[in-house]
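Read the structure below first, then the notes.
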Amino acid sequence: MGSETINVGVIGTGRIGGLHADNLMRRTIGATVVAVMDIDQERAAAVAAACDGARVFSDASDLIAAPDVDALLVASTDATHADITIACIEAGKPVLCEKPLATTVADAERVLRAELATGRRLVQVGFMREYDHAHKDLYDLLQSGAIGAALKFRSLHVNPRFVRELTIDSVITNSLIHDIHSARWIMPAEVESAYVQWALADRARPRSARLADIQLAFVDGAIGSLEYNGDSGYGYEVKVEVTGEKGLISTAEHPSPALRHSGSVSSAITPNWPERFAQAYLDEAQAWINAIQGNEATGPSAWDGYMSLAVADASIRSANTGRPHHLDAIEKPSLY
């Protein structure tokens, strides 16, 4: 496509869709938002007005087919991601699909096979932590060999409070899916099996989850631990740590200054994910647009979306049985 401006259509104009639309319209070089779609037409109209009068659609298929829409950003409800992304692929248009790529590993495989049928990459998945400087710095340091071979991956994912109380299934596919991808991306080997434990949010609801932990085994013998806290009461944090043969690497703490006053030390914590990953979302959008202009897809792929759900599937099976479960996944295609 060269260096011309990419006309983007945004499907789903809720909190994350609105954030993406604003970033693409105001802060991304080479992009403009020309169309939006949401079943909530009032919300879609408000986002469209903020995008200098972008057209409002009530049907995703019509927006995808619009001849002046070059690329799509999918931020609709999770259950719609697979079908909408497949429609974008069949239209031959690049798509940035928010995580998760689907809600089941079977639907993720449908997306994967639709893209494979085209013979080229069209899908990027919204695992924006690959663009977060703290995560990227840790990844680069591990790749340098500074601590030798990686032996253990640890992550902590802390939310300030319940927006809604989630089941263990949705905690895995909607929240811990980020941490699953981080483990797969940062560690040098693929995940082999998963084992899940969790603490109930409500004893009357046996699938409710306040805190959860996924124990991973990697094919090279390394291990992992992914902890999720849905209702910390103090703020939003994401941390990663890797133990190696010769040392340990951990992501930097939040950049707020430490205050020493009246016999105590304190440091502010970001209130929630939009503030913590604001720059990562910007860098993700810019990388996506640059890739479209260069006709070469980069970033987290449909394969990453599929494999993250293969790990999630093993994790949910573990939650159901109380035992570790191996992944059930297809062989990695040569396209990826």
Side-chain angles (χ1 to χ4, degrees), residues 9-12 14 16-17 20 37-39 60-61 63-64 71-118 120-130 166-185 190-191 194 196 207 209 212 214 226 228 284 288 297 299-320 325-333 335-336:
V10 176
I11 299 173
I16 186 62
H20 281 304
M37 176 270 160
D38 200 293
I39 56 173
S61 298
L63 188 154
I64 293 167
L72 287 305
L73 190 144
V74 178
S76 50
T77 56
D78 293 355
T80 67
H81 286 187
D83 286 340
I84 291 175
T85 301
I86 289 171
C88 295
I89 293 168
E90 291 175 345
K93 296 185 178 183
V95 52
L96 171 54
C97 178
E98 258 303 331
K99 62 77 191 168
L101 181 61
T103 53
T104 67
V105 69
D107 279 346
E109 184 175 344
R110 288 199 298 118
V111 177
L112 192 70
R113 295 197 180 281
E115 185 175 59
L116 287 170
T118 71
R120 64 190 181 111
R121 279 192 55 188
L122 288 167
V123 178
Q124 178 173 320
V125 181
F127 292 125
M128 81 297 175
R129 292 185 191 175
E130 284 201 25
L166 300 176
T167 65
I168 185 59
D169 309 65
S170 57
V171 163
I172 291 167
T173 59
N174 187 272
S175 292
L176 277 164
I177 201 80
H178 269 304
D179 309 278
I180 288 168
H181 175 70
S182 293
R184 290 189 56 256
W185 163 52
E190 188 55 82
V191 175
V196 172
R207 300 294 288 186
I214 301 178
L226 318 179
Y228 160 87
E284 174 189 50
W288 179 53
S301 67
W303 174 253
D304 293 315
Y306 167 78
M307 284 303 296
S308 68
L309 281 157
V311 178
D313 174 71
S315 300
I316 290 170
R317 285 186 279 125
S318 172
N320 291 338
H325 278 264
H326 280 76
L327 270 64
D328 182 12
I330 64 172
E331 186 176 347
K332 186 175 183 178
L335 181 63
Y336 309 103

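Note: H178 and F127 have perpendicular aromatic rings, judged against thresholds of 30 and 60 degrees for the angle between ring planes.
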M37 vs I39, side-chain contact (heavy atoms from CB on, under 4.5 Å): CA-CA, chis, key distance, verdict: CA-CA 7 Å; M37 176 270 160; I39 56 173; 4.1 Å; yes
Intermediate values then yes/no, side-chain contact (heavy atoms from CB on, under 4.5 Å), L327 and M307: CA-CA 9 Å; L327 270 64; M307 284 303 296; 3.7 Å; yes
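Rounded to the nearest 0.5 Å, atoms CG (L166) and CG (N174) are 7.0 Å apart. How far OG1 of T104 is from CG of D313: 8.5 Å, rounded to the nearest 0.5 Å. Atom CG in L73 sits 5.0 Å away from atom NE2 in H20 (nearest 0.5 Å). Rounding to the nearest 0.5 Å places OG1 of T85 at 10.5 Å from CG of D107.
Taking both residues in full, the closest heavy atoms of R121 and P300 are given as NH2-O, 3.8 Å, listed atom of the first, atom of the second, then distance. Shortest non-hydrogen contact noted between I64 and C88 is CD1-SG, 3.9 Å. A194 and S318 make their closest contact through O-CB, 3.7 Å (heavy atoms, listed as atom of the first residue, atom of the second, distance). Closest heavy-atom contact between H181 and E130: NE2-OE2, 2.7 Å. Here the closest heavy-atom approach between residue R120 and residue T118 is recorded as O-OG1, 3.0 Å. Here the closest non-hydrogen pair linking S315 and V196 is O-CG2, 3.3 Å.
Not a single ring pair (Phe, Tyr, Trp, His ring centres under 6.0 Å) links H81 to another residue, sequence neighbours left out.
Screening D179, L226, V171 for a side-chain contact (heavy atoms from CB on, under 4.5 Å) involving I214 leaves a single residue, L226.
Between T103 and T173, the closest side-chain pair of non-hydrogen atoms is not below 4.5 Å.
Applying the side-chain hydrogen bond (donor to acceptor under 3.5 Å, both in side chains) test to every pair with at least one member in residues 300-311, sequence neighbours left out, gives these pairs: R184-D304, S301-D304.
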